[in-house]
2 protein chains.
Amino acid sequence: MTAPLHEARPTGPGRALPDTQQGMRRRNLARVMHAVSAEGPLSRAAVASRIGLTRAAVSTLVDELIRTGLLEELGPERPGRVGRPGSALAVSGRGPAGIGAEIGVDHLAACAVDLRGEVRARAVRHGTNRGRSPEPVVEELTGLVRRVVAEAERAGLWPAGLAVAVPGLVARDARTVVRAPNLDWQDVDLGAMLPGEFPLTVDNEANFGGLAELWLGVDTPGDFLHVSAEIGIGAALVVDGSLLRGTRGFAGELGHVPVHPDGPECGCGGRGCLEQYAGEEAVLRAAGLEPGEDRVGLLAGRAADGDPDVRRALREAGTALGIALTGALNLLDPEGVVLGGALAGLAPWLLPSLEAELSRRTAGPARPVSVSRLGPEGPLLGAAHSVVRAVLDDPAAVAGRA
Amino acid sequence: MTAPLHEARPTGPGRALPDTQQGMRRRNLARVMHAVSAEGPLSRAAVASRIGLTRAAVSTLVDELIRTGLLEELGPERPGRVGRPGSALAVSGRGPAGIGAEIGVDHLAACAVDLRGEVRARAVRHGTNRGRSPEPVVEELTGLVRRVVAEAERAGLWPAGLAVAVPGLVARDARTVVRAPNLDWQDVDLGAMLPGEFPLTVDNEANFGGLAELWLGVDTPGDFLHVSAEIGIGAALVVDGSLLRGTRGFAGELGHVPVHPDGPECGCGGRGCLEQYAGEEAVLRAAGLEPGEDRVGLLAGRAADGDPDVRRALREAGTALGIALTGALNLLDPEGVVLGGALAGLAPWLLPSLEAELSRRTAGPARPVSVSRLGPEGPLLGAAHSVVRAVLDDPAAVAGRA
DNA sequence: CTAATTTGTAAACTGCCATGACGAAATAGC
DNA sequence: GCTATTTCGTCATGGCAGTTTACAAATTAG
């Protein structure tokens, strides 16, 4: 009788979707899939107690999921406790697959992930894409995707959707790249250029990286900031287990948060944005290095060798990051911060000054800053997994296909 | 077949609530209430088409809502179109009421709002609460609440809950005031001191102000930043129609976003926080005024009189606000910004420099900065309405009482 | 005054989950 | 070894929610 009141769902007339029995069934199918997917092989009775339905109801749900090939019966569990042993259920390894793809500045990649989360096929092509026009790049990517799809199909999987991570801002239609500075692309409609056989989602690589951290991270909370630096400096804002995208889909532009309001001019029109202090180019310049091919590797190598200029440059970048993150933490109060992408590799030299700045500026218990263990794989895996999650979230939608 | 994939609900095993037929009914009752509440008197057929159920289903839902006193039948609509005229339904003006209360720095207030959103009773007591200990203040507030409740009951209403707005940080339990600098309170458990007859929610006045803007604002989008300055400078982050609270409930602390990282020291441990430039005390100091009783009124008065020092101080505060908001806009990409609380009254002198700073620093179309029309009433109304929303969101929960 | 249209309700129908009972398959105790 | 106990999966039954279909009531159009 004394609980917070104003958070009950649904709120607002906007989400006035009807609630019918079919919808109920769909949501319960999803709950079964989530339970089995999250907690390994499970008996029907175990699923029932996890999701709060009766064994009888779960039985019919499971039957349907087995019929449509999304669950598999592994056979009787090894007993150990009294009572008849259950029959273990697992997510199918031969059903739908999520196809992920990535357009990186220096590479292209694609992979196929099954419902179990296992990577079943992958293909990579190295070589810079800076300044290349979209058509040939997307054509090459399509080739990789087709290879990965073919391999997945040989393994008994079928593609349920394609998700593409790109180094730039993506419109809310999830098809159009509005601006990708490092590729020099503008308003490119990937939806028109990629194969149309399956549902397509295009998103910022920082967003997919953040989602990968949420879904695959070891002990990632449901509420965190995932900071990555491939394109400028982007952050994925994960709030309560889902991504905050903003009205136009541009949320998380940490790179243009003002750090020193009277600092050097920035391409965005502002002054002293974080990117002027912790962006790739800025750090290279401060370290006295020339921009070459593998810029991050170069920085990490020099820093490991003890190059004082590089170390100082990274230290200062960490401080600037700390200032910008102070603002973000004050605004969002997340549970933690995760450094991903290029920042993960440079973390050893960024973290000390970053954490010093944070603890100096924020009162109360320090928020943990951790380093992503997914490394550069994050965006690609996040993309593929986003398709898998979509299947888990609405198994009925996928049942018809195959 | 080409839609964004990874946003379908439910996501994550966390919200594994069972989905039974009773839950379905409850959600559909809520949909009916929302439809009628949002779109004025409506016939059963109109509700049915709005929420996507059949007329028959809506009929039984409406019957139940009328029986429990949440809806009222107004009688036949005046015809005008062909066909049998419908029977108008309206939200009841004699059912549950939301009781809102506010502990302000310079006043106490309480009010009762019916399901229609009408204020049916109010009580105010002026006089500063700075430095007073919690007990007598809460006792006085309880007196106001009891007066308002009694008046509401005389009008045929019954209190469905009490929501209290306080000028400080509130723990996620929605009962405890962690810190209220302007009252000099710390760790005060209001839940233990307020009447326990109805469900209680305590929240930051900035949050309630933001919710009021969302629910009562004229053309407020579902995605905005509501900035107010009563306690330091707080922002309510409304994302997709609901409030972003943060892990500990401290989200929106705009006042401690760094503006000039090497600026003057701040109480929070940092340097150059926004509060050092746009906080009440800072502005008064910059304007060469002494802190007195009605500080905001004083500033507004002098500014209107053309006092150059005051004008300059406000101009500079606007600039600082613009810098901090640039960061927030880059992070959150909201649809707009609303100035509320004290800032609304000072808007004429803050806005020019604020908007100049924003348009200089952010690329793309400028985000509209608007001024709240609720003024100082926002938090109190938001509190009362939060109770009303809770009833609309789950009418079945309230049906038993009364 | 009749035809067309729309509203609200009642009866029959379908779908979904709960309940309760039962056989199957294991352990525990004697 | 044998029986009692426990747990699992399934089946038949029942209740509940919304849909479908049909119909009377109340209005406008011609």
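Note that the structure is a prediction, hence the values are computed from the model and not measured. Chain letters run A, B, ... following the sequence lines, proteins first, then strands; residues in each count from 1.
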- If you measure from CE on B/Met24 to CZ on A/Arg27, what distance do you get to the nearest 0.5 Å? 8.5 Å

- Whole angstrom is fine here: how far is it from CZ in A/Arg27 over to P in C/dC16? 12 Å

- Item | Residues B/Arg245, A/Asp223: salt bridge by 4.0 Å N-O rule | no

- Between D/dG18 (C1') and B/Ile51 (CD1): distance, integer Å: 11 Å

- CE of B/Met24 versus P of D/dG15: gap in Å, rounded? 18 Å

- Rounded to whole Å, the CG-P distance (A/Leu71 to D/dG9) equals 13 Å

- Starting from the 5' end of DNA chain C, give me the residue, B/Glu73 or A/Pro76, whose nearest nucleotide shows up first. B/Glu73

- If you take atom types as modelled and just measure distance, does the side chain of A/Arg84 reach the base of D/dT7 with a donor-acceptor pair under 3.5 Å? no

- Task: Give the rounded distance in Å between these two atoms: CG of A/Asp19 and C1' of C/dC16.
- Result: 13 Å

- Message: By nearest atom, which of the nucleotides C/dA18, C/dG8, D/dG18 is closest to the B/Leu53 side chain?
- Response: D/dG18

- Please state whether the phosphate of C/dG8, meaning OP1 or OP2, lies under 4.0 angstrom from any side-chain nitrogen or oxygen of B/Ser59. no

- Whether B/Arg172 side chain and B/Gly246 backbone form a donor-acceptor pair below 3.5 Å: yes

- Message: Does D/dA17 have OP1 or OP2 under 4.0 Å away from a side-chain N or O of B/Asn28?
- Response: no

- Using a heavy-atom cut-off of under 4.0 Å over every strand shown, decide if A/Thr54 touches base, sugar-phosphate, or nothing. base

- Message: In whole Å, I'd like the distance from the CZ atom of A/Arg44 to the P atom of C/dA24.
- Response: 17 Å

- Message: Just to be sure I understand the rule, does A/Arg55 reach a base, reach only the sugar-phosphate, or reach nothing, if contact means heavy atoms closer than 4.0 Å?
- Response: base

- Can you figure out which of D/dT19, C/dA18, D/dT28 approaches the side chain of B/Thr20 most closely? C/dA18

- Task: For A/Ala56, report the nucleic acid contact type (base, sugar-phosphate, nothing); a contact means any heavy atom under 4.0 Å.
- Result: base

- Where B/Pro199 and B/Ala160 come nearest, the two heavy atoms and their spacing: CD-O, 3.5 Å

- Once you round it to whole Å, what is the distance between C1' of D/dT20 and CD of A/Gln21? 13 Å

- Query: If you find the nucleotide of DNA chain D closest to B/Gln22 and the one closest to A/Asp63, which residue's nucleotide is nearer the 5' end?
  - Reply: A/Asp63

- Note on the structure: Result for 5'-nearest mapping on DNA chain D, choosing between B/Arg25 and A/Ser87, is A/Ser87

- Mind calculating the distance between CZ (B/Arg26) and P (D/dG18) to the nearest angstrom? 14 Å

- Look only at the side chain of B/Arg120 and the backbone of B/Ala112, and say whether a donor-acceptor pair between them is shorter than 3.5 Å. no

